Amino acid sequence: MHEAIRVETLTKKFGSATAVDSVSFTVPKGEFFGFLGPNGAGKTTTMRMLATLLRPTAGQAWVNGHEISRTPDKVRHSIGFAMQAVTLDPLATAWENLLLLGVLYGLARKEAHKRAAELLELMQLTKVAGAWIKNYSGGMRRRLDLAAVLMHKPDVLFLDEPTEGLDPAGRRVIWDYLEKLGKSDGVTIFLTTHYMDEADYLCDRIAIIDKGKLVVTESSEKLKEKVGGTMDDVFIHYTGHRIQDEELNTKAADPYAQIN
Amino acid sequence: MNTLFRETYYLFIRAFKQSLRPYVALVPEFVVPIFFFLINSAAFQRAVEIPGFSAESYLAFYAPVALLTAIFFTTGSTGIEVVTDISNGYMDRLFVAPVHRISIVLGKLLSVGARAAIQTIIMLIFLVIWGAPFVAGLEGVLMLLGLAFLFGMAWSGIGLTLAFLTKNPRIVQSSFIFFFPFSFVTTSQLPLDLLDGWYKQAVLLNPVTYILEAMRALMLRGYVSLTASTIDIGFVAAILFGLVTLTAAFFSFRLLSA
């Protein structure tokens, strides 16, 4: 089994609207796979189906060899999912958040302690590990969220815009770690991002989805070669949108982003 | 350790801590029942002179209402806690973990029951210091805690159901309106023998009446042959009330997690 993810004609409808329309692709083990597209293209819906949070309307998908609808528990054991928003308990400390997730994933308490200490060190959060995370900066929360999904050493990592809202230094910390995870630890990474430089730098292959349909899957080098430009040009070529517009749309849709 | 038990245990600990935070939010849970108790026990102290009034003092008669009010206020925020978990994505974090879904609700319910029991103990100590009688002894304390545990879980079922169904904090917050009929249309102000008409019928239909009467019997007379059936009925009422509200909560949770 060399495939970490296999998706066959996966479809998701919400009422009469089709969010994901018969999408098929495969991701080999250890690959860093970018999944790009405009807002509402179906990126997050696809990811939520693969992470067993949404049931597909039609089609099938396997993650680590486990079919997502028939054996969701086996899928959950083998994946980590960093969602668009930081999904941690704000009124708990970093320690409490990590330890709980560790034991829920089946780690012994001692083992969870050791793993949490390692990850906190790696994410440079050891000094603030005892503070409630509602007092953390956005970047610290992001790093802790990533630590949380790595507690059980997943084979496949789903990252939904993991560096959104981070400053360049914060993004660099995440990039370096993700690169190490992919290259040294053999973790398969499925990433969505609005940063074209991020996709270009990190991803072995990139898929672009638009209006629920997969429009292209190729390495960033080949995509740039085909279009004859940068990754921004590739995005415009396949979707008809500028990625900068997508970023503006995202911020416009988020009332807190406007306040900040 | 069985995985369901292990998961439930750790989620219970998390839910228990969550219910205590932020600490300042605990203040109303103590202030409101104490306020009602002090005001009502002072305002209506001459009510005991009404022929047929069964208690020796209104303070003694009203003290169990303070326990009940404390449970209402302690467990009333459960729905809001769940809506917060849903809206900030924490529930998804739990759903994507390989845990038995039922352990998420069981952990929450056990924490609610535990909080209700602890709040009852604290309020009981305050009431006894203030002069309320408690004749039931240690066995009675345990029975009182059992009632508080069951009623706390049963009451939280309303907020949980609305939280799972609507995911809307305003709707869940507005479920507080149920507090008024369930709390006031009881024998909280006057004994049943002094009530009449439609109001008495409504009081008799309210399960909280029987829970309150059981608490009152424990505090004023203890578990003796004269009060045994009243106390037993209180337990049955708490269990039946819980069966209704928690069945609704589990059903709505299934819809959310499907």
Side-chain angles (χ1 to χ4, degrees), chain A residues 44 47-55 63 66 68-69 71-93 95-109 112 132-135 141 144-145 148-149 151-152 154 156-158 160 256, chain B residues 1-27 77-78 80-108 110-111 115 164 167 169 253-258:
Chain A
T44 299
M47 213 179 239
R48 287 175 72 84
M49 283 193 281
L50 294 177
T52 75
L53 282 174
L54 272 180
R55 278 180 185 276
V63 177
H66 308 300
I68 55 170
S69 299
T71 51
D73 243 25
K74 287 184 176 168
V75 174
R76 288 172 194 145
H77 264 291
S78 66
I79 65 165
F81 184 14
M83 294 168 221
Q84 231 168 48
V86 172
T87 52
L88 294 167
D89 183 351
L91 295 178
T93 67
W95 266 114
E96 287 169 335
N97 270 291
L98 295 187
L99 289 178
L100 176 63
L101 290 171
V103 293
L104 291 182
Y105 276 90
L107 300 185
R109 210 175 150 72
W132 286 0
I133 63 165
K134 79 181 181 88
N135 299 318
R141 284 184 210 193
L144 183 64
D145 199 50
V149 299
M151 272 297 286
H152 59 294
V156 178
L157 204 52
F158 292 98
D160 198 356
Y256 298 105
Chain B
M1 207 185 332
N2 176 287
T3 50
L4 176 63
F5 179 78
R6 186 176 188 265
E7 290 159 12
T8 304
Y9 168 74
Y10 284 112
L11 288 166
F12 157 73
I13 299 287
R14 186 263 163 176
F16 189 81
K17 286 181 179 173
Q18 183 196 28
S19 72
L20 299 177
R21 298 169 178 175
Y23 306 126
V24 70
L26 297 175
V27 173
S77 57
T78 312
I80 289 290
E81 288 162 15
V82 167
V83 167
T84 305
D85 276 350
I86 294 171
S87 59
N88 70 16
Y90 194 77
M91 193 61 83
D92 277 345
R93 166 72 55 229
L94 296 179
F95 283 166
V96 86
V99 296
H100 295 84
R101 299 272 163 108
I102 197 155
S103 65
I104 299 170
V105 185
L106 286 178
K108 190 79 200 165
L110 290 174
S111 84
R115 285 272 286 117
F164 293 141
K167 303 170 219 162
F253 179 71
R254 269 184 68 106
L255 292 178
L256 176 78
S257 62

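Model, not experiment: these values are computed from the prediction. Note on naming: letters A, B, ... go to the chains in the order of the sequence lines (proteins, then strands), and numbering restarts at 1 for each one.
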Okay, B:I13 and chain A: the region with an atom under 4.5 Å from a heavy atom over there is neither
Cut-off 4.5 Å, heavy atoms of chain B, and the answer for A:Q84 is neither
Notebook entry, point to check: Do A:P90 and B:N88 have side-chain heavy atoms sitting under 4.5 Å apart?
Noted result: yes
Cut-off 4.5 Å, heavy atoms of chain B, and the answer for A:A92 is both
In terms of heavy-atom contacts, A:I68 and A:T52 come closest through O-CG2, 4.0 Å
If you tally heavy-atom pairs under 4.5 Å between each of B:S103, B:P98, B:P22 and chain A, the highest tally belongs to B:P98
Max heavy-atom pairs within cutoff under 4.5 Å with chain B, candidates A:E96, A:R76, A:H152, goes to A:R76
Under 4.5 Å to a heavy atom of chain B? For A:L99 that would be neither
For this session: Would you check if the side chain of B:R93 reaches a backbone N or O of A:V86 as a donor-acceptor pair within less than 3.5 Å?
Result: no
In B:L106, B:T3, B:V105, the residue satisfying side-chain contact (heavy atoms from CB on, under 4.5 Å) with B:H100 is B:T3
Please determine whether a side-chain nitrogen of the Lys or Arg among B:E81 and B:K108 lies less than 4.0 Å from a carboxylate oxygen of the Asp or Glu.
yes
If one checks every heavy atom of A:L91 against chain B at 4.5 Å, the contacting part turns out to be both
Under 4.5 Å to a heavy atom of chain A? For B:R14 that would be side chain
Between B:D92 and A:R48, does any NZ, NE, NH1 or NH2 come within less than 4.0 Å of an OD or OE carboxylate oxygen?
yes
Max heavy-atom pairs within cutoff under 4.5 Å with chain B, candidates A:I79, A:L53, A:D73, goes to A:L53
Quick one: are A:F158 and A:L50 in side-chain contact, heavy atoms under 4.5 Å? yes
From the list A:R55, A:K134, A:K74, A:R109, the residue making the most non-hydrogen contacts under 4.5 Å with chain B is A:R109
Under 4.5 Å to a heavy atom of chain B? For A:L104 that would be both
Problem - Ring-face cation contact, B:F253 with B:R101, 6.0 Å cut, 45° max - result: no
